[in-house]
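Just so it is clear: chains get the letters A, B, ... in the order the sequence lines come, proteins before strands, and each one is counted from 1.
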Amino acid sequence: MKHLLDLKFIRSNQDKVKKAMADRHYDFDLDQLLVWDEQRRSLIAESEQLKNRRNTLSQEVGRLKAAKQDASELQEEVRGIGKRIKELDQELAELEQKLNNALLMIPNIPHETVPVGEDEEDNLVLRVEGEPPKFSFEPRPHWEIGEKLDILDFARGVKVAGARFTVLKGWGAKLERALVNFMLDLHTREHGYTEIFPPFLVNRATMTGTGQLPKFEEDLFLCQREDLFLVPTAEVPVTNLYSSEILAAEQLPIYHTAYTACFRAEAGAAGRDTRGLIRQHQFNKVELVKFTTPEDSYMELEKLTNDAEEVLQRLGLAYRVVSLCTGDLGFSAAKTYDLEVWLPAAGCYREISSCSNFEDFQARRANIRYRPEHGARPRFVHTLNGSGLAVGRTLAAILENYQQEDGSVVVPEVLRPYIGVDVISCET
RNA sequence: GGAGAGGUGGCCGAGUCCGGUUGAAGGCGCUCGACUCGAAAUCGAGUAAGGGGUGCUGAGCCCCUUCGUGGGUUCGAAUCCCACCCUCUCCGCCA
């Protein structure tokens, strides 16, 4: 990894960066970083000056030797210069290590349209879509419905793996698969996305590219022997598909959709959402990922969000769209819209998709660039992604929203071609 | 996992044995120009990235780094030595 982060920007926009940190309630010693930056540049200047001299003298040595003349005095001098360069470069490498580590801990700067706020209480509800269903009975939570229908098996999930692992069975497994296929078909056939099936294990560089590392290692599952991580979202492998590449302008925008299982350690979530499918160590998700020019990224964020919303609309699920405030914004995101689906049993809206514009934050880390026109200097692309949707939570929402008094569940119309039945009941 | 071969610019491909204007021949592609009514062909010119400095702030200019990655030897490394990664071929193993 080279110098992917924009020190120049930070240097010349100190106030902006400091305000962004404050709005995020993020503690960071920017002044220390700027001191290191200063030191770095002076070391570089000194070292390069010496290198220039070494190159010149070495050539001179070559000339003398070719002419059969004595060059030992010059050689002695250059040897000294070489030693000094080595010292300086070592010092520089250590400094850059510190600098780089610090830079990787700086979160993205929120977009100007992001509401400033403390926590999720301050998120801005942009719109509410669809009607929550009315029930003539007390709606049950999805885990009760699922267990009664024998399509969700929580106990055996715990037995074979542990807490927060669940087994889908029979129509439950089929419904999950139907949802994946429905979502992929919608996005590939109607929204113009190209389907990707990526690796589920990735290396450290990849995890760093999208911002999971170095700060959030405890949230990930690690295969220690190979030093590979299980992907927490398809965003990670798919965004990094083009790392260290320079794309042609004509290639943009790139739209990718990908199904993967997602693995999250859920460290720090102990005791939260312990029942049901809402918070699992492993869940399925269909992800949407975009690579765009800086000019188009916010327009593309709106479109991407609409593409995710369309899944909920076609499934006939009520939801709302929320703009996350600065205090609730993820580390890498410049702006995020959450889609929250209506869950009747809990009587509230729960996050089912998160659609973000990362601007050039991930592109810098992963070194993803494009050439605006032939011969022009490369620029960083903007990356975006969003769930379209989290499948486990969608399944939960369907069970709850489409439940009937007898415990059966009506299959949403659009899924029937995929699953072959209209209703899931004990007799099905 | 074992044996062998190899990783050079957008691509192909020399150079590596015998270290010295080689940031790198040649070709292809691409861009611009000439020719043409236009095109093809042909001819001419151009065509890496990152970093530092300067600055009328991305015009220009100067410098440094980069030939898979990281070390080492040397006055000097694409070229020599070591480690690691990756690709290909054969063998083994395997869904």
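We find that CG of A:Leu95 is positioned 17 Å from P of B:G51, with the value rounded to whole Å. Atom CD1 in A:Ile85 sits about 10 Å away from atom P in B:A77, given to the nearest Å. Nucleotide B:U31 holds its P atom 10 Å from the CD atom of A:Glu250, rounded to whole Å. Across the protein-nucleic acid pair, A:Gln59 atom CD and B:C75 atom C1' stand 12 Å apart, rounded to whole Å. Rounded to an integer number of Å, the gap from CD of A:Gln75 to P of B:G76 is 9 Å. Between A:Asn203 atom CG and B:U69 atom P there is a gap of 16 Å when expressed in whole angstrom units. Between the CZ atom of A:Arg53 and the C1' atom of B:G52 there is a distance of 20 Å, given to the nearest Å.
Within the nucleic acid shown, A:Leu57 has no heavy atom closer than 4.0 Å to any nucleic acid atom. Nucleic acid contact for A:Val78: sugar-phosphate only, since backbone atoms but no base atoms lie under 4.0 Å from a heavy atom of the residue. Nucleic acid contact for A:Arg371: sugar-phosphate only, since backbone atoms but no base atoms lie under 4.0 Å from a heavy atom of the residue. If you check every strand for non-hydrogen atoms under 4.0 Å, A:Arg369 touches sugar and phosphate atoms only. Within the 4.0 angstrom heavy-atom criterion, only backbone atoms of the sugar-phosphate kind lie near A:Lys86; the bases stay farther away.
Taking atom C1' in both B:C43 and B:A24, one finds a spacing of 26 Å when rounded to whole Å. Taking the P atoms as reference points, B:C88 lies 35 Å from B:U22, given to the whole Å. Using atom C1' as the reference point in both B:G6 and B:U79, the two lie 16 Å apart (nearest Å). For B:G15 and B:U73, the P atoms lie 29 Å apart once the distance is rounded to whole Å. Rounded to whole Å, the P atom of B:A25 lies 13 Å from the corresponding atom of B:G10. Nucleotides B:C86 and B:G44 have their P atoms positioned 46 Å apart, rounded to a whole Å. Here, B:G68 and B:C63 have their P atoms 26 Å apart, quoted to the whole Å. As rounded to the nearest Å, B:A5 and B:C82 have P atoms that lie 14 Å from one another.
For B:A40, there is no paired nucleotide, since no Watson-Crick or G-U wobble pair has both relevant distances below 3.5 Å. Nucleotide B:U21 forms no Watson-Crick or G-U wobble pair with any nucleotide shown, as no partner meets the under 3.5 Å limit on both distances. Both distances falling under 3.5 Å, in either a Watson-Crick or a G-U wobble arrangement, occur for no nucleotide opposite B:G76. A 3.5 Å limit on both hydrogen-bonding distances identifies B:U31 as the Watson-Crick or G-U partner of B:A45. Pairing partner, B:G50: B:C64, with both Watson-Crick or wobble hydrogen-bond distances short of 3.5 Å. B:G92 makes up no base pair with any nucleotide shown, lacking Watson-Crick or G-U wobble contacts both under 3.5 Å. Base pairing annotation: B:A59 forms no Watson-Crick or G-U wobble pair, as no partner gives both donor-acceptor distances under 3.5 Å.
In the set B:A49, B:G72, B:C63, B:C63 carries the atom at the smallest distance from any side-chain atom of A:Glu48. With B:C75, B:G52, B:C63 as the choices, the nucleotide that has an atom nearest any side-chain atom of A:Asn52 turns out to be B:C63. Across B:G50, B:G58, B:C64, the shortest atom-to-atom separation from the side chain of A:Arg377 is found for B:G58. If you check B:U73, B:U65, B:G52 against the side chain of A:Arg54, the one that comes closest is B:U65. Taking the side chain of A:Lys65 as heavy atoms from C-beta on, and the options B:C64, B:C75, B:G50, the nearest nucleotide is B:C75. Among the nucleotides B:C75, B:G51, B:A49, the one closest to any side-chain atom of A:Ile246 is B:A49. Nearest nucleotide to the A:Arg41 side chain, out of B:C75, B:C64, B:G53: B:G53. Side-chain proximity of A:Ser58 to the nucleotides B:A49, B:G76, B:U65 is greatest for B:G76.
With 3.5 Å as the limit, one finds a donor-acceptor pair spanning the side chains of A:His256 and A:Tyr242.
Dense packing is recorded around CD of A:Glu302, with more than 12 heavy atoms of other residues, nucleotides or ligands lying under 6.0 Å away.
No salt bridge links A:Glu87 with A:Lys83; every basic N to acidic carboxylate O contact stays at or beyond 4.0 Å. Between A:Arg53 and A:Glu48 no salt bridge is recorded (no basic side-chain N to carboxylate O distance below 4.0 Å). Contact check on A:Asp89 versus A:Lys51 returns a salt bridge, with a Lys/Arg side-chain nitrogen under 4.0 Å from an Asp/Glu carboxylate oxygen.
Taking the six-membered ring for Trp and the full ring otherwise, the centers of A:Phe221 and A:His281 sit less than 6.0 Å from each other.
Mapping A:Arg79 and A:Pro378 onto RNA chain B by nearest heavy atom places A:Pro378 closer to the 5' end of the strand.
Using a 4.5 Å heavy-atom cutoff, the side chains of A:Arg40 and A:Leu7 are in contact.
Atoms CG and CD, on A:Leu149 and A:Gln403 in that order, are 10.0 Å from each other to the nearest 0.5 Å.
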